[in-house]
**Student:** 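Would you mind keeping the following structure in view while I ask a few things?
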Amino acid sequence: MNFNDELKARTVHVNTVIKDYLPKEEGELSTIVSAVNYSMESGGKRLRPLMMECTFQMYGGKGTQIAPFMAAMEMVHNSSLIHDDLPALDNDSMRRGRKTTHREFGEPLAILAGDVLLNYAYETAMLSFDMVKNMPDQAAAWERTARAMSVLSAKSGLTGMLGGQSCDVEHDGHSLTERQLSFIYKTKTAALIEGSLMIGAILAGASEDQILKLEEIGSDIGLAFQIRDDILDVAGSTQETGKPVGSDVRNRKTTYVSMFGIDAARARVEQLSESALQNFDSLGAKHDFLRQLLEELATRRK
């Protein structure tokens with residue numbers, strides 16, 4: 001199976017996993033749940049749960065304990081997208097080729113949908129503890145699951161994604177230093193990629209050294225991914241990206257492209273990608289699909 005075919009097959013599998021954990025649209029909560037599921041079922045690359053499952057497999061993980069964390073990480077990611085698109089932030093009208101959540105359901109429900117989805121992510125990840133009782137070494141399994149929960153919380157919270165978003169909002173419309181921009185990219189974007197790689201390895205029982213190396217790889221890939229996003233906002237098209245291009249310019253956002261130029265941005269993406277791949281090759285454990293996926297992220301067109 002070639003890379004693209006395997007990517008499609010794995011994405012279909014991830015979508016099935018996610019669908020199994022979505023809340024039911026029924027009763028008095030049907031409207032807010034519809035708004036939540038509208039975001040979750042709108043497609044997307046599913047990169048974070050893909051990476052998580054790959055590292056779980058790479059270190060010999062077996063069974064379905066990874067599934068709740070895969071769904072939870074995508075919920076965290078989508079909660080941030082709902083809020084990012086709001087008029088108070090990026091004010092985008094399209095996401096993944098269709099109307100953003102606030103355009104479809106209104107701003108108040110979109111705010112609440114993002115809040116619900118973030119909390120529901122933790123509820124979902126906690127289901128992983130129910131699976132521990134069926135494992136042979138329960139004490140070790142409990143410890144790994146608790147560590148995975150800690151990583152999920154940290155990478156999505158104040159010192160991770162939400163901290164990066166708040167810093168981004170605080171400096172909206174103002175010039176940033178390179179240090180500030182790097183901090184925002186590392187927390188807002190890279191943190192969830194770091195967490196995804198780490199959680200898969202943690203649940204599979206990888207060593208601390210391997211987990212920390214995966215965190216470094218996630219940091220480099222996350223930065224490259226965000227800088228590539230900056231490039232696509234300038235040089236991409238709506239047909240490719242599924243969202244309006246040029247929003248960074250319209251919103252007067254400081255990006256790597258606006259700070260250093262598009263050629264320097266492309267060179268930085270290549271440098272970060274090479275660093276991540278060299279680190280990946282030094283892990284000892286191998287996963288050919290994951291390695292190629294990390295490599296492909298540097299040249300993506302959407």
Side-chain angles (χ1 to χ4, degrees), residues 32 35-36 38-40 42 44 47-48 73-96 99-122 152-196 218-219 222-234 236 241-260 265:
I32 187 63
V36 164
Y38 177 81
S39 170
M40 289 297 296
S42 65
L47 291 174
R48 293 153 193 83
M73 185 61 81
E74 191 68 7
M75 290 172 186
V76 170
H77 173 56
N78 274 268
S79 74
S80 75
L81 299 184
I82 293 173
H83 285 169
D84 267 354
D85 291 335
L86 288 168
L89 277 78
D90 290 347
N91 194 25
D92 281 329
S93 59
M94 288 181 62
R95 167 76 65 178
R96 296 166 177 165
K99 289 192 291 184
T100 51
T101 305
H102 74 272
R103 289 282 184 171
E104 181 70 18
F105 291 90
E107 190 174 349
L109 272 178
I111 294 171
L112 290 170
D115 293 342
V116 167
L117 195 50
L118 181 59
N119 193 77
Y120 198 71
Y122 297 122
L152 178 67
S153 300
K155 296 300 183 181
S156 59
L158 180 62
T159 57
M161 178 194 73
L162 289 175
Q165 285 182 308
S166 66
C167 190
D168 191 19
V169 170
E170 178 187 353
H171 295 93
D172 189 32
H174 301 283
S175 296
L176 296 173
T177 65
E178 182 178 0
R179 183 185 62 80
Q180 289 171 326
L181 187 64
S182 294
F183 174 81
I184 291 170
Y185 283 9
K186 179 172 174 55
T187 49
K188 183 178 178 180
T189 302
L192 293 190
I193 294 176
E194 294 168 7
S196 297
S219 179
L223 288 171
F225 187 87
Q226 182 58 59
I227 296 170
R228 185 64 185 161
D229 209 49
D230 294 345
I231 295 169
L232 290 174
D233 191 72
V234 173
T241 63
K243 58 183 180 180
V245 297
S247 63
D248 291 338
V249 175
R250 288 194 303 274
N251 293 322
R252 296 184 302 159
K253 293 193 70 164
T254 300
T255 68
Y256 205 91
V257 171
S258 68
M259 185 176 286
F260 298 105

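All heavy atoms count here, side chains included; hydrogens, waters and symmetry mates do not. For clarity, every value in this text was computed on a predicted model and none was experimentally measured.
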**Student:** What's the separation between atom CD1 in Ile231 and atom CD in Gln226, rounded to the nearest 0.5 Å?
**Tutor:**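 Separation between the atoms: 10.5 Å.
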**Student:** Can you tell me how far apart CE (Met75) and CG (Asn119) are? Round to the nearest 0.5 Å.
**Tutor:**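 Between Met75 CE and Asn119 CG, I get 11.0 Å after rounding to 0.5 Å.
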**Student:** What residues, two or more places apart in sequence or in another chain, satisfy salt bridge (Lys or Arg N to Asp or Glu O under 4.0 Å) together with Glu178?
**Tutor:**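 Result, salt bridge (Lys or Arg N to Asp or Glu O under 4.0 Å) vs Glu178: none returned.
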**Student:** Show the numbers, then the answer: is there a side chain to side chain contact (heavy atoms under 4.5 Å, CB included) between Ser156 and Leu162?
**Tutor:** CA-CA 6 Å; Ser156 59; Leu162 289 175; 5.9 Å; no
**Student:** Which heavy atom in Ser80 sits nearest to a heavy atom in Gln165, and how many Å separate them?
**Tutor:**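 For Ser80 versus Gln165, the nearest heavy atoms are CB-NE2, 3.4 Å.
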**Student:** Whether the side chain of His102 engages the backbone of Pro108 through a donor-acceptor N/O pair (distance < 3.5 Å, no angle test) should be reported.
**Tutor:**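 No, His102 side chain to Pro108 backbone: no donor-acceptor pair under 3.5 Å.
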**Student:** Would you say the side-chain atoms of Ser182 pair up with the backbone N or O of Arg179, donor to acceptor, closer than 3.5 Å?
**Tutor:**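 No, the answer is negative, given that no donor and acceptor are paired below the 3.5 Å cut-off.
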**Student:** Should Thr189 and Leu223 be marked as a side chain to side chain contact (heavy atoms under 4.5 Å, CB included) after you check the CA-CA gap, both sets of side-chain angles, and the distance that decides it?
**Tutor:** CA-CA 7 Å; Thr189 302; Leu223 288 171; over 6 Å; no
**Student:** Mind checking what makes salt bridge (Lys or Arg N to Asp or Glu O under 4.0 Å) contact with Lys188, not counting sequence neighbours?
**Tutor:**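 Residues passing salt bridge (Lys or Arg N to Asp or Glu O under 4.0 Å) with Lys188: Asp84, Asp168.
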**Student:** What closest approach, in Å, do Ala113 and Ala35 show between heavy atoms, and which atom pair accounts for it?
**Tutor:**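 In this case the closest contact between Ala113 and Ala35 is CB-CB, 3.9 Å.
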**Student:** Test Leu81 against Arg96 for side chain to side chain contact (heavy atoms under 4.5 Å, CB included), laying out the working first.
**Tutor:** CA-CA 11 Å; Leu81 299 184; Arg96 296 166 177 165; 3.4 Å; yes
**Student:** Start with the C-alpha gap between Asp92 and Arg103, add the side-chain angles, then the distance that decides, and say whether side chain to side chain contact (heavy atoms under 4.5 Å, CB included) holds.
**Tutor:** CA-CA 9 Å; Asp92 281 329; Arg103 289 282 184 171; over 6 Å; no
**Student:** Determine the minimum heavy-atom distance between Ser219 and Ala190, stating which atoms define it.
**Tutor:**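 So the two residues come closest at O-CB, 3.9 Å.
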**Student:** Tell me the closest heavy-atom pair linking Ser79 and Gly114, and the distance in Å.
**Tutor:**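 That would be CB-O, 3.3 Å.
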**Student:** Compare all side-chain heavy atoms of Thr255 with those of Tyr185 and state whether any distance is below 4.5 angstrom.
**Tutor:**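 Heavy-atom side-chain distance check passes, below 4.5 Å.
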**Student:** Between atom NE2 of His77 and atom CE of Met40, what is the distance when rounded to the nearest 0.5 Å?
**Tutor:**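 Answer for the NE2-CE pair, His77 versus Met40, is 9.5 Å.
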**Student:** Which value, rounded to the nearest 0.5 Å, describes the distance between Asp230 atom CG and Tyr256 atom OH?
**Tutor:**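 Going from the CG atom of Asp230 to the OH atom of Tyr256 covers 10.0 Å.
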**Student:** I want to check something: taking the side chain as every heavy atom from C-beta on, are Thr159 and Thr187 in contact at a cut-off of under 4.5 Å?
**Tutor:**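 Contact flag for Thr159/Thr187 side chains = no.
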**Student:** For Thr101 and Ser39, work out which heavy atoms get closest and say how close.
**Tutor:**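 Nearest pair, atom of Thr101 first, then Ser39: OG1-CB, 4.0 Å.
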**Student:** Would you say the side chain of Leu181 lies within less than 4.5 Å of the side chain of Met259, judging by non-hydrogen atoms?
**Tutor:**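 Contact flag for Met259/Leu181 side chains = yes.
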**Student:** Write down the atom of Ala110, the atom of Leu86, and the distance for their closest heavy-atom approach.
**Tutor:**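 Heavy atoms only, the tightest pair is CB-CD2, 3.9 Å.
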**Student:** Are Asp233 and Val257 close enough that some pair of their side-chain heavy atoms sits under 4.5 Å apart?
**Tutor:**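 Heavy-atom side-chain distance check fails, nothing below 4.5 Å.
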**Student:** If you measure from CD1 on Ile184 to NE2 on His171, what distance do you get to the nearest 0.5 Å?
**Tutor:**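 If we round to the nearest 0.5 Å, Ile184:CD1 and His171:NE2 are 6.5 Å apart.
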**Student:** Would you say that Gln180 contacts Cys167 through its side chain, given a criterion of any heavy-atom pair below 4.5 Å between the two side chains?
**Tutor:**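 A side-chain contact is absent here, since even the closest heavy-atom pair is not under 4.5 Å.
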**Student:** Could you tell me if the side chain of Glu194 sits less than 4.5 Å from the side chain of Lys186, heavy atoms only?
**Tutor:**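 Yes, their side chains come closer than 4.5 Å.
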**Student:** Working to the nearest 0.5 angstrom, can you tell me the gap between Lys99 NZ and Tyr38 OH?
**Tutor:**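 One finds 6.5 Å between NZ of Lys99 and OH of Tyr38.
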